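The shown structure was predicted, so the numbers you read here are calculated from the model rather than taken from an experiment. Every chain is numbered from 1, with letters handed out A, B, ... down the list of sequences.
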Number of protein chains: 2
Amino acid sequence: MYLRALQALSDRGTPTVSSEELATVAGVNSAKLRKDLSHLGSYGTRGVGYDVEYLIYQISRELGLTQDWSVAIVGAGNLGRALANYGGFGTRGFRIAALLDADAAVVGDEVAGLSVRHIDTLEDVVSMEKVSIGVIATPAAAAQGVCDRFVSAGVTSVLNFAPVVLNVPDGVDVRKVDLSIELQILAFHEQRKADGHEGPDWIGALEA
Amino acid sequence: MYLRALQALSDRGTPTVSSEELATVAGVNSAKLRKDLSHLGSYGTRGVGYDVEYLIYQISRELGLTQDWSVAIVGAGNLGRALANYGGFGTRGFRIAALLDADAAVVGDEVAGLSVRHIDTLEDVVSMEKVSIGVIATPAAAAQGVCDRFVSAGVTSVLNFAPVVLNVPDGVDVRKVDLSIELQILAFHEQRKADGHEGPDWIGALEA
DNA sequence: AGCTGTGAATTATTTCACAGCA
DNA sequence: TGCTGTGAAATAATTCACAGCT
């Protein structure tokens, strides 16, 4: 969160920022921001604030973004292609090592400078390219199988876009992206607007 | 979260569930689950548990998912098409009312049973189809312009996939989906595994 | 003077533990 | 007996407020 706010400031050429300013941009209290940042170390200067570039570097380092991570995407449908073309990855320390698909008809297609490879090469790709994160952008039915292959090939982090819950052994991290959740949150707010804002007062919980 | 867990139980045909079971599936403490559900009302039965279907209905109603919401997607690139084809929407109370694009070359394409319409019809689409949520799946440069048009057409909820921060007037909700955030979280865990789990102990904060 | 870093105070969340109902 | 619903207790997160550095 702070990193994104800082990157926006950096793009704008801002050299330093106070906890007050950065907190406002990030939408939190300035004392909380200072306490959070203090966990990383003392990177601010009293009377001045934080050096934007230096703080970006420190947060990036803490988050493990100063090294490059290789990512393999399985599923070269619209979602897989959208992900491969997604600008945010390349510039944020992620390298798309390969785009794989089970359908022979799309194998060989050029997407984002990559040639789509057949799913049978998954194990080769993982070991050759030292893939540490596997992205599953397949139909629901294929997801668990792909996940199992990732895991046995040694991948321990999986990002799942398929609408199924994946079973994995201990030590493997799975994150599930459910695109309808965001719509549900918007619909909830939309309903509240229509209701004229009456109703229970525990809604703050959803703001995050 | 509870809704998704309940839907999984429902798919499996489970008729009732105890707070203990549902809490385990959802990954929380059972007392917390009971307290959360008690905010909606007393829908459980002592000695038995919760009726899965009834609880799904009650939560859905509270979240505003029992009415149908019309959604317009702008941007018929890979991401827009992936969203239009995303199974989760139709079955969860969201109707894709239209898919719009500025490029005349894609206008008229058939995607997920819809014909891609030209961006100039945005205002017509919003009023004719009573669109309450606008989805922006355009390149970054076009996003703010599309957002402005949504807002002046009366849309008060926007889901933004473009990697820019949108400016909107008060009363308009924007949610930004940043696909690289999920990778960053995985990379962070991946780094910790590689480090042999030493390091600061405030990492729990990222688990959510 | 202007800001950070941080103990102390406050506020919120989570969990315990059990009364009471089916 | 087996569970929910919920006060009370414990724990955690946030904010205040200010000492101390530049």
Side-chain angles (χ1 to χ4, degrees), chain A residues 1-3 5-6 9-10 12 14-63 185 188 199-208, chain B residues 1-6 9-10 14-63 185 188 199-208:
Chain A
M1 215 166 87
Y2 300 146
L3 186 55
L6 284 164
L9 289 170
S10 172
R12 217 167 300 151
T14 316
T16 63
V17 66
S18 71
S19 63
E20 197 71 41
E21 295 167 313
L22 185 52
T24 305
V25 174
V28 301
N29 176 290
S30 68
K32 173 164 163 39
L33 179 137
R34 290 199 299 279
K35 192 151 280 185
D36 287 347
L37 292 186
S38 76
H39 286 298
L40 308 180
S42 287
Y43 299 133
T45 309
R46 286 159 200 249
V48 179
Y50 299 91
D51 182 279
V52 172
E53 296 305 326
Y54 185 54
L55 194 51
I56 286 176
Y57 171 73
Q58 291 297 344
I59 296 180
S60 297
R61 191 174 49 76
E62 193 70 30
L63 294 179
I185 294 169
F188 176 72
D201 58 344
W202 45 269
I203 14 80
L206 283 171
E207 300 300 330
Chain B
M1 217 166 84
Y2 300 147
L3 187 55
R4 276 191 286 173
L6 284 164
L9 289 170
S10 171
T14 316
T16 63
V17 67
S18 71
S19 62
E20 197 70 44
E21 294 166 314
L22 185 52
T24 305
V25 174
V28 302
N29 176 290
S30 69
K32 174 163 163 32
L33 179 135
R34 288 198 301 276
K35 190 151 280 183
D36 287 346
L37 293 185
S38 75
H39 288 298
L40 309 179
S42 287
Y43 299 135
T45 308
R46 288 162 199 245
V48 179
Y50 299 90
D51 182 279
V52 172
E53 295 306 324
Y54 185 52
L55 194 52
I56 285 176
Y57 171 74
Q58 291 297 342
I59 296 179
S60 297
R61 191 173 50 77
E62 193 71 28
L63 294 179
I185 294 169
F188 175 72
D201 58 345
W202 45 269
I203 14 81
L206 282 171
E207 300 299 331

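A pairwise comparison of heavy atoms in A/Leu6 and A/Val52 identifies O-CG1, 3.7 Å as the closest pair. Scanning all heavy atoms of the two residues, the minimum distance from A/Ala26 to A/Met1 falls at O-CE, 3.8 Å.
Residues passing the side chain to side chain donor-acceptor pair (under 3.5 Å) test with B/Ser18 are B/Glu21, sequence neighbours excluded. The ring pair (Phe, Tyr, Trp, His ring centres under 6.0 Å) search around B/Tyr57 returns none, not counting sequence neighbours. Residues passing the side chain to side chain donor-acceptor pair (under 3.5 Å) test with A/Thr24: none are found, sequence neighbours excluded. The side chain to side chain donor-acceptor pair (under 3.5 Å) test applied to A/Lys32 returns A/Asp36, not counting sequence neighbours.
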Collect all protein-nucleotide pairs involving nucleotides 9-12 of chain C in which both atoms are nitrogen or oxygen and the distance is under 3.5 Å.
none

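In terms of phosphate contacts, A/Tyr50 brings no side-chain nitrogen or oxygen within less than 4.0 Å of OP1 or OP2 of C/dG2. Taking only side-chain nitrogens and oxygens, B/Ser19 comes nearer than 4.0 Å to OP1 or OP2 of D/dT4. In this model, the phosphate group of C/dC3 is not approached by any side-chain N or O of A/Tyr43 to a distance below 4.0 Å at OP1 or OP2.
In this structure, the CG atom of B/Leu40 is 15 Å from the P atom of D/dT4, given to the nearest Å. Look at CG on B/Leu33: it is 13 Å from C1' on D/dC3, rounded to the nearest Å. As rounded to whole Å, 10 Å separates atom C1' of D/dC3 from atom CD of B/Glu20. A/Asp36 has its CG atom 13 Å from the P atom of C/dT6, to the nearest Å. Straight-line distance from the NE2 atom of A/His39 to the C1' atom of C/dT4: 15 Å, rounded to whole Å. When the C1' atom of C/dG2 is taken as reference, atom CD of A/Glu21 falls 12 Å away, rounded to whole Å. Atoms CD (B/Gln58) and P (D/dG5) sit 12 Å apart, rounded to a whole Å. Summarising the geometry, the separation between CG on B/Leu37 and P on C/dT14 is reported as 14 Å, rounded to the nearest angstrom.
Side chains of A/Leu9 and A/Ile56 form no contact here, defined as non-hydrogen atoms less than 4.5 Å apart. Annotation: side chain of B/Tyr2 is in contact with side chain of B/Leu33 (closest heavy-atom distance under 4.5 Å). At a threshold of 4.5 Å between non-hydrogen side-chain atoms, the residues B/Leu55 and B/Ile59 count as touching.
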| field | Heavy-atom protein contacts under 4.0 Å, nucleotides 16-22 of chain C, coded B base, S sugar-phosphate only, - none | value | BB-BBBS

